[in-house]
Each structure stands twice: as C-alpha cells, then as structure tokens.
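The figures here come from the full heavy-atom set of this structure, side chains too, leaving out hydrogens, waters and symmetry mates. So you know, we letter chains A, B, ... as the sequences are listed, proteins then strands, and number each from 1.
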2 protein chains.
Amino acid sequence: MQTKQMHHMEIPVVCRSCEARHGGVCSALTPAQLSELSKHSSRRKVEAGNEVIGQGESITSYSSILNGVVKLSKVMADGRQQIVGLQFAPDFMGRPFLGESRMSAEAAVDTEICVFPRRAIERLIHDAPDLGHLLHNQALKELDDARDWMLTLGRKTAQEKVASFLWLIANHSDPAEGDRSCFELPLSRADIADFLGLTIETVSRQMTKLRKDGIIQIENNRHITVPDLERLAEAAGIDQ
Amino acid sequence: MQTKQMHHMEIPVVCRSCEARHGGVCSALTPAQLSELSKHSSRRKVEAGNEVIGQGESITSYSSILNGVVKLSKVMADGRQQIVGLQFAPDFMGRPFLGESRMSAEAAVDTEICVFPRRAIERLIHDAPDLGHLLHNQALKELDDARDWMLTLGRKTAQEKVASFLWLIANHSDPAEGDRSCFELPLSRADIADFLGLTIETVSRQMTKLRKDGIIQIENNRHITVPDLERLAEAAGIDQ
DNA sequence: CGGGTCGTTGATACGGATCAAGGCGAGTGG
DNA sequence: CCACTCGCCTTGATCCGTATCAACGACCCG
C-alpha cells in the first residue's frame, strides 16, 4: 500500500523527460501537485507563424514553452505592429489575474508548449507559494527586459538597435556547442523590424553594415556568427 | 489584558492617516504586521529633482509613494537617457530579489515616501501571502504599462507620442474636482522628451500643434485642459 | 519554367534632430 | 523700481537618419 502511495507521489511519466522540468513552472510543484496538474494539461505543437492567443481574446489557459520561441506583439488599429517581448523555454506564458489578453502570442519558429487550464494554475498559485514566487520573479525579469528594451527603442540608433537584437539572441540561444558566438535567428527580417521599431529595409541595411564592418558573419540569412562578442556589445551601445 | 492585547493589534498611529493605507503595500498586512513594520519604517520628503536611488546602487530599502510622482530612468554611458516608467501613489518602489538597482528613481515633483528596510519587506513577502500577491500584481501591471509604452516608443509618431503622454497623465492624475480633463503635468519638457524618446524641441512643437488644433489648452506650461478626451485618445492613436 | 516569399540594394522623401535665437517669468541685487 | 541673470520653453532654419518607393536577386515549390 505504501509503495502504491509512494507511486502516486512520483513524477508523472509524461513529465519525466520534459524539457521544462527544471527552471519551468513545474519545478515549483510537489510531485503530488505536478501529478494533479499533468492530468489536465496537454502538450501541443505550434508551427512557426501560428497564434497561441490573439490580442483581445479571453484567456482560458496558460502554458509553458518546452522548446522554440514565441513572440508577443501588439498591433494598432491601422496595422502598425510592435513586438514587445520574446519568450524562450522554459518561460511561462499568459497573464495571470486578467480576463483577456492585451497582445497576441505567436510562434516565431516551430514551438512546443504545455497547456494548462486556467483554473488549475490559479488554484495552484494560491496553494503553492513557490509557484507564486516563481511567477512573480519571472514577471520581474520580464519587466526588467521590457525596460531595457524601452531604452533601445527610444534612444538607440538603427545600428545600435540591430546590434542589440543580435546581442539579445546570442545571450538567449542555448550554447549548443558551448559557443555563444554562433546562432540561428528565430525571427525574419520583418519580425526583427517589428521588434526594433524599424522597417525591413533599414534592418537589412544595418545587418549588411555590421557584416562589412566585420562584426558579424551571415550565412543563409538566418545563421549568424559573431567573432568578437565584445565588439558586438560595443556596437549595441551596451556599457560594461 | 485583552484590551491591551487588542490595542497591540490596532493600526499604528503613524499609519492611521496615511495616504497609502488603501491600495498600497500596507493594505495587505495584518494590524500586527503593520505595527511591526511601522517600527522600522520612516516617512521621508523628497524634493523635485532629488534621487531616491541611483542606477547601479545597491538596494538597501524599499518604499511606497505617499504622494507625488517618481520617474524611473536609465542612462547610457554617453548620457542618452530614457524614462522607463512613472510611479504614483500608492505604488511600491523597488526591485525585490535583486541586489542592485538597474535604473535610477528620481522625484519628478515634491514627493513623500515611506521607507522600509529591505530585510523587513523580504521577510514579510514570505510571511504574508497577500503582500506577495499584491506585489506580483503590481509587477504585472507595470509590465503591461511598459509594453504599451514600447508600442508608443517604437511605432508612434511624435504627435501621437505627445498625445499618448497627455492621455497617460490625464488618467493618472487624481480627478481633483472629479474632472479628468484638467490637470498639472508632473514632468518638464525635458523629462517628457526623455519619456517619449524625442527632443525638447519636438515635444514643444507638438504641444503647440495640439493646442492650435484645439485638442488641448495650455496655461503656465504645466497646466493642461482637455476639452474632449475622446479627441485626445484619437490623436494618441489609441483604439477604443 | 513561372510564381511566390524573403531579403538586398538604390533613389528619393520626409519627420524629427540639431543648431541657433529669442521670449517669458522668477529671483537677485543695485 | 529697474537691470540683470538664469532656467525653462518656444520658434525658426537647416541637416541627417530612417522611411518610403521601386527594382532586383536568391531560393523554394509547383
């Protein structure tokens, strides 16, 4: 009996090999809570370009990113668009304590997420202080990032903006071969423009300029190599 | 004895007439917690232009705003500056769970704050779930605001930016005579420029244009009247 | 081969920055 | 009381960085 009981308290099978077990929402739960949550949650693939939730839609579920990249964006009535954040694994997605989404979330590349029903998460926030604390901390980090980006949007030149973007991606792409200096861009030129408050053409020109200045190398439009991260930071106007 | 005990559980004298009792941090505490916290906290006046904390300084205390306005700003190595947020009463100020401040906080107008030692707050966050929840919620609201502002910084014209700023102030100044349409600007033209990612001259020109278009009236540079808030929202590119 | 998407490059336009001058109110000292 | 200065704001002239418009190249897929 006791072994049976113990069994109930172990990590659910579906969660054992989950990429988000460490650092993600689920790392803040007890085995029992995780087991309960896993019963109501489901894994979902989202292809690049597909929406997870749209601006103004009501929030019926939350999720966490298992792998991939999701872009958060706002659009104005006349179509002008601004990407206001990028989310990577194992980020939690969704706005707790709010009825409807104030922005859209769209997969930037093929992405997998784990979807939780709204009720389950909101109950857990109250029952599991660690979860509340983890989400609070993530919100604070996102706030820091958003404010850093405000400086980029408001005061940096096009050149510095593009370099800042590359710097951000360099620091968020998991160092596959332990190498920060070589990575794949998760965004198209159009997305980068929407993230930086620029046009496609300006982004393209600045990328070319960074390449000609020897600060980056470009292969296949998406694959970037940075010989000297220090020089990139300098070009981004980042003070160290 | 029991009355004595009860007495200990009442609202501390210094807090009774406090402007931040409702809605602020202290509203999430029990009388006992409030009593304990009040022993270590102190009221402080900060004159317009004075710093509460500087970028890069270590965080030794938190505070809440009793009245006034505080601007949060970031500066680059070469002096370029961006205001990344405004805080009003009864907002909580400070970045929990972080050793040093990533921006400076400076009183925009004469301001009064209540200062709490760092330790006391961090202990309370763990002991009082309501406080954690309140701070989490404020962080989420600030994140929403920051992201709204990213759209303003990245995609709006100078005209729309200035109108957006006036709209923000109109919606945050307490309706003294129950009138949203008449208010005092808490920021100088230079501050407004730093908030909008513009220059002083451009801010001034756009203010003049809004005045000539009849969307606002200006008295003494700081006092603004908005005959029709709807028209202001339109000029700000805000979709309703 | 044709059509589509995505990115680059060039020519030109324009919005906001920059540079420069001056106005206005408050405080100061004669 | 006036002259003076100082901070803050406005206005004008000009410049420059990025947007806009347009053409074209690279690649993919049918």
Side-chain angles (χ1 to χ4, degrees), chain A residues 47-50 71 76 78-82 108-110 152-166 184-213 216-224 235 237, chain B residues 47-50 71 76 78-82 108-110 152-166 184-213 216-224 235 237:
Chain A
E47 284 181 6
N50 283 8
K71 53 191 202 202
M76 294 176 62
D78 62 6
R80 278 175 287 175
Q81 188 161 16
Q82 175 70 46
V109 298
D110 289 348
T152 299
L153 289 173
R155 288 306 188 192
K156 291 190 186 177
T157 65
Q159 177 85 204
E160 291 169 328
K161 285 183 178 181
V162 171
S164 296
F165 170 72
L166 295 174
E184 211 72 20
L185 294 181
L187 300 190
S188 68
R189 296 293 188 270
D191 285 337
I192 299 173
D194 280 343
F195 194 23
L196 295 171
L198 298 171
T199 58
I200 304 179
E201 294 94 326
T202 298
V203 170
S204 179
R205 276 186 251 270
Q206 299 303 334
M207 295 274 285
T208 303
K209 181 152 192 308
L210 287 171
R211 178 170 54 73
K212 286 183 177 164
D213 292 350
I216 60 170
Q217 287 149 29
I218 309 178
E219 288 153 43
N220 296 335
N221 292 335
R222 291 275 189 141
H223 189 87
I224 304 286
Chain B
E47 285 181 5
N50 285 7
K71 54 189 200 204
M76 293 175 63
D78 61 6
R80 279 175 286 176
Q81 188 162 16
Q82 175 70 45
V109 298
D110 288 348
T152 299
L153 290 173
R155 289 307 190 192
K156 291 190 184 176
T157 64
Q159 177 86 201
E160 290 169 330
K161 285 183 178 180
V162 172
S164 296
F165 170 72
L166 295 173
E184 210 72 21
L185 295 182
L187 300 190
S188 68
R189 297 294 189 268
D191 284 338
I192 299 173
D194 281 342
F195 195 23
L196 296 171
L198 297 172
T199 58
I200 305 178
E201 294 94 327
T202 299
V203 170
S204 178
R205 276 186 252 271
Q206 298 304 333
M207 296 275 285
T208 302
K209 183 156 192 301
L210 287 171
R211 179 171 54 72
K212 287 184 177 163
D213 292 352
I216 61 172
Q217 288 149 28
I218 309 178
E219 290 155 39
N220 296 337
N221 291 337
R222 291 279 189 137
H223 189 87
I224 303 288

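Between the CZ atom of R80(B) and the C1' atom of dT18(C) there is a distance of 15 Å, given to the nearest Å. Regarding H223(A), its NE2 atom lies at a distance of 19 Å from the C1' atom of dC6(C), rounded to whole Å. Whole-Å rounding puts the L187(B) CG to dC9(D) P distance at 10 Å. Between the NZ atom of K156(B) and the P atom of dG15(C) there is a distance of 18 Å, given to the nearest Å. A straight line from CD of Q206(A) to C1' of dT9(C) spans 13 Å, rounded to a whole angstrom.
No donor-acceptor distance shorter than 3.5 angstrom exists from the side chain of R211(A) to the backbone of Q206(A), with no hydrogens or angles considered. Remark: the backbone N or O of M76(A) is not paired with any side-chain donor or acceptor of Q81(A) at under 3.5 angstrom.
With DNA chain C read from its 5' end, the first of the two nearest nucleotides for V203(A) and R155(A) is the one closest to V203(A). If R222(B) and T202(A) are placed on DNA chain D by their nearest nucleotide, the residue sitting closer to the 5' end is R222(B).
Residues of residues 189-200 of chain B that place a heavy atom closer than 4.0 Å to DNA chain C, in numerical order, are G197(B), L198(B), T199(B).
With a 6.0 Å radius and a threshold of 12 heavy atoms from other residues, nucleotides or ligands, D78(A) has its CG atom above the threshold.
Judged by atom type and distance alone, E201(B) does not reach the base of dC9(D) through any side-chain donor-acceptor pair under 3.5 Å. Taking 3.5 Å as the limit, the base of dG10(C) and the side chain of R205(A) contain a donor-acceptor pair of atoms between them.
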Extract from the structure each pairing of a protein N or O with an N or O of nucleotides 27-30 of chain D at less than 3.5 Å, listing the distance.
none

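If you check dC9(D), dT18(D), dT8(C) against the side chain of T208(A), the one that comes closest is dT8(C).
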